[in-house]
Amino acid sequence: MLLQHSGFGIAVTGSGSCTPQVTLDNNGLSQMVDTSDEWIVARTGIRYRRLADDRTSLCDLAAEASRRAIEMARITPTDIDLIVLATSTADDLFGSASQIQYQLGATKAVAFDLTAACSGFVFGLVTASQFIRTGIYQNVLLIGADILSRWVNWSDRGTCILFGDGAGAVVLQASETDSLLGFEIRSDGTQNSSLNLAYKAQPKELIDGVSIGQGAFHPITMNGQEIYRFAVKKVPEVIEKAMFRANISVEEIDWLLLHQANQRILDAVAQRLTVPAEKVISNLANYGNTSAASIPIALDEAVRDGKVKTGDTIAAAGFGAGLTWGAAIFKWGR
Ligand code: ACO
């Protein structure tokens with residue numbers, strides 16, 4: 001294939017989000033498990049979460065978030081060359097991105113899923129950007145979407161209080177100037193057992209001497225304290241690395257946009273980086289941890305509220321299962 005362009009930069013030109021209608025507050029959770037609004041707010045900052053009912057698919061949420069992002073970018077679905085869906089909870093294990101492509105009518109695009117848990121959006125941003133940088137594609141739709149409520153153990157008070165459902169999307173476009181200033185993505189499997197949504201196989205003998213493992217995925221298990229320690233240590237490091245690559249200082253960051261896992265993690269990371277609280281984007285009180293969707297939902301709200309303005313520099317960082325973590329420094333807008 002001939003390269004159409006070379007050396008193109010990236011512009012982040014549209015955002016959109018979509019969360020389910022159903023809201024569960026902390027008092028509702030305290031009817032299900034031994035917890036309280038006070039405990040959850042003090043330990044996490046979360047007050048509400050949106051939950052997808054049995055008629056709401058991941059593709060529906062993702063497609064709606066995408067339509068809003070595409071509209072803001074002032075392009076049409078047929079302009080899109082590539083769709084990357086960051087998710088750990090696809091409607092179909094074979095992948096859901098091409099179903100979203102169909103729902104959008106993005107007939108020219110190629111679409112695929114990418115899985116990196118709560119780091120999925122940042123990993124997706126870096127992945128999608130490579131196709132623009134090499135000049136292969138000009139218009140990319142990047143979606144972060146998850147319905148973790150399908151996989152939460154609703155009788156485990158250590159995890160069920162944390163998660164919510166939703167989708168966010170951004171449009172990335174080829175541009176003369178490059179708004180992706182620097183990034184760093186990392187993974188480390190040695191702590192994989194700290195956070196899992198794992199398949200557990202049972203032996204099944206097909207015929208004499210031929211046995212396979214057939215089972216099911218089991219609900220999320222998490223060592224909360226390990227994940228907390230990991231996040232507070234590794235996230236500042238990876239943001240500093242991305243800032244070094246971008247050749248900018250912390251004072252030049254307008255917004256710190258972290259994966260919305262826990263307010264205490266957001267506060268601790270901001271403190272380590274010496275980013276003042278008013279520069280930290282936080283909406284987790286309303287949505288909880290929406291996994292790969294949390295960064296693009298928070299970005300979209302901040303853009304539509306007029307907080308994030310064209311040319312603002314954003315330090316985004318995701319972290320989660322894998323373990324995976326990563327940061328990207330980018331400017332908002334054309
Ligand atoms: N309500 C009341 N009490 C509770 C609850 C609850 N919902 N959950 C735990 N407790 C109790 C524990 O049983 C424990 O009691 P004990 O001392 O009698 O044993 C006590 O509270 C303290 O428990 P800890 O687990 O030490 O509480 P901690 O302060 O660590 O907070 C939390 C737990 C909120 C889960 C925290 O560890 C955290 O947020 N970790 C990070 C998790 C995270 O962000 N995960 C997602 C990563 S993203 C991804 O990829 C999906």
Side-chain angles (χ1 to χ4, degrees), residues 24-49 86-90 114-124 144-166 168 185-189 191-198 217-235 238 257-269 282-285 287-298 316-327:
L24 179 65
D25 66 10
N26 293 344
N27 289 325
L29 275 171
S30 67
Q31 295 170 34
M32 299 161 52
V33 289
D34 182 12
T35 191
S36 65
D37 179 51
E38 295 72 34
W39 194 95
I40 299 170
V41 172
R43 298 290 178 119
T44 71
I46 299 166
R47 294 177 187 275
Y48 307 94
R49 66 284 294 144
T87 189
S88 304
T89 56
L114 177 156
T115 297
C118 301
S119 309
F121 182 80
V122 170
F123 279 42
D146 268 308
I147 301 185
L148 279 182
S149 65
R150 290 173 176 172
W151 297 107
V152 163
N153 175 354
W154 287 101
S155 50
D156 174 12
R157 68 177 182 172
T159 52
C160 76
I161 58 160
L162 297 173
F163 299 108
D165 304 330
I185 53 176
R186 303 295 305 270
S187 64
D188 176 5
Q191 271 185 284
N192 177 267
S193 61
S194 300
L195 185 52
N196 299 106
L197 198 178
F217 286 91
H218 282 227
I220 294 168
T221 56
M222 181 182 74
N223 182 330
Q225 290 188 4
E226 287 291 328
I227 295 291
Y228 186 92
R229 272 196 290 272
F230 144 74
V232 168
K233 182 171 190 297
K234 296 294 186 184
V235 174
V238 83
L257 175 54
L258 303 180
H259 165 50
Q260 306 283 299
N262 181 323
Q263 190 61 44
R264 288 192 300 155
I265 295 177
L266 269 57
D267 294 343
V269 171
S282 173
N283 69 354
L284 61 80
Y287 301 110
N289 175 347
T290 56
S291 190
S294 87
I295 293 175
I297 292 174
F319 52 92
L323 299 180
T324 54
W325 65 106

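First listed ligand is number 1; within each ligand, the first listed atom is number 1. Worth knowing before you read on, the calculation uses all heavy atoms, side chains too, and leaves out hydrogens, waters and symmetry mates. Just so it is clear, the model here is predicted, and its values are computed rather than measured.
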Per-atom contact, atom 32 (C) of ligand 1, protein heavy atoms, under 4.0 angstrom
no
Ligand 1 atoms nearer than 4.0 angstrom to some heavy atom of G320 are 48 (S), 49 (C), 50 (O)
The ring-ring contact (aromatic ring centres under 6.0 Å, His included) partners of F163 (sequence neighbours excluded) come to none
Main-chain N/O of T324 paired with S119 side-chain donor or acceptor, under 3.5 Å: yes
### Message
With a 3.5 Å distance limit and no angle check, can you tell me whether N26 reaches the backbone of E38 through a side-chain donor-acceptor pair?
### Response
no
Looking only at non-hydrogen atoms, the one of C118, G45, C160, A231 nearest atom 48 (S) of ligand 1 is C118
If you measure from each heavy atom of T44 to ligand 1, is any distance below 4.0 Å? yes
Scanning both residues in full, the closest heavy-atom pair of T44 with L284 reads O-CD1, 3.4 Å
Out of N223, D156, N262, I161, the nearest non-hydrogen contact to atom 38 (C) of ligand 1 is supplied by N262
Polar contact flag for G224 and ligand 1 (N/O pairs, less than 3.5 Å):
yes
Checking heavy-atom distances from atom 23 (O) of ligand 1 to each of E38, R43, R229, R157, the winner is R43
TODO: Report yes if some N/O of R264 lies less than 3.5 Å from some N/O of ligand 1; otherwise report no.
DONE: yes
* Donor-acceptor contact below 3.5 Å, side chain Q260 vs main chain N283 -> yes
Is there a polar contact, in the sense of an N or O pair closer than 3.5 Å, between L195 and ligand 1?
no
| said: With a cutoff of 4.0 Å, is D34 in contact with ligand 1, counting heavy atoms of the residue only? | reply: yes
Any heavy atom of G158 closer to ligand 1 than 4.0 angstrom?
yes
Exercise for the section: Look only at the side chain of T115 and the backbone of T87, and say whether a donor-acceptor pair between them is shorter than 3.5 Å. Expected result: yes
Atoms of ligand 1 under 4.0 Å from any heavy atom of T35, numbered from 1 in the order shown, are 1 (N), 2 (C), 6 (C), 7 (N)
>> Main chain of T159, side chain of N153: is a donor-acceptor contact present, judged purely on distance under 3.5 Å?
In response: no
Can you tell me if D188 uses its side chain to pair, donor with acceptor, with the backbone of L323 under 3.5 Å? no
F319 heavy atoms within 4.0 Å reach ligand 1 at atoms 48 (S)
Atoms of ligand 1 under 4.0 Å from any heavy atom of F163, numbered from 1 in the order shown, are 51 (C)
Q: Mark yes or no for whether R49, through its side chain, and L24, through its backbone, hold a donor-acceptor pair below 3.5 Å.
A: yes
Should I161 and I46 be marked as a side chain to side chain contact (heavy atoms under 4.5 Å, CB included) after you check the CA-CA gap, both sets of side-chain angles, and the distance that decides it? CA-CA 8 Å; I161 58 160; I46 299 166; over 6 Å; no
- Is there at least one protein heavy-atom neighbour under 4.0 Å from atom 14 (C) of ligand 1? no
**Message:** For ligand 1 and S36, I'd like to know whether there is a polar contact (N/O to N/O, distance under 3.5 Å).
**Reply:** no
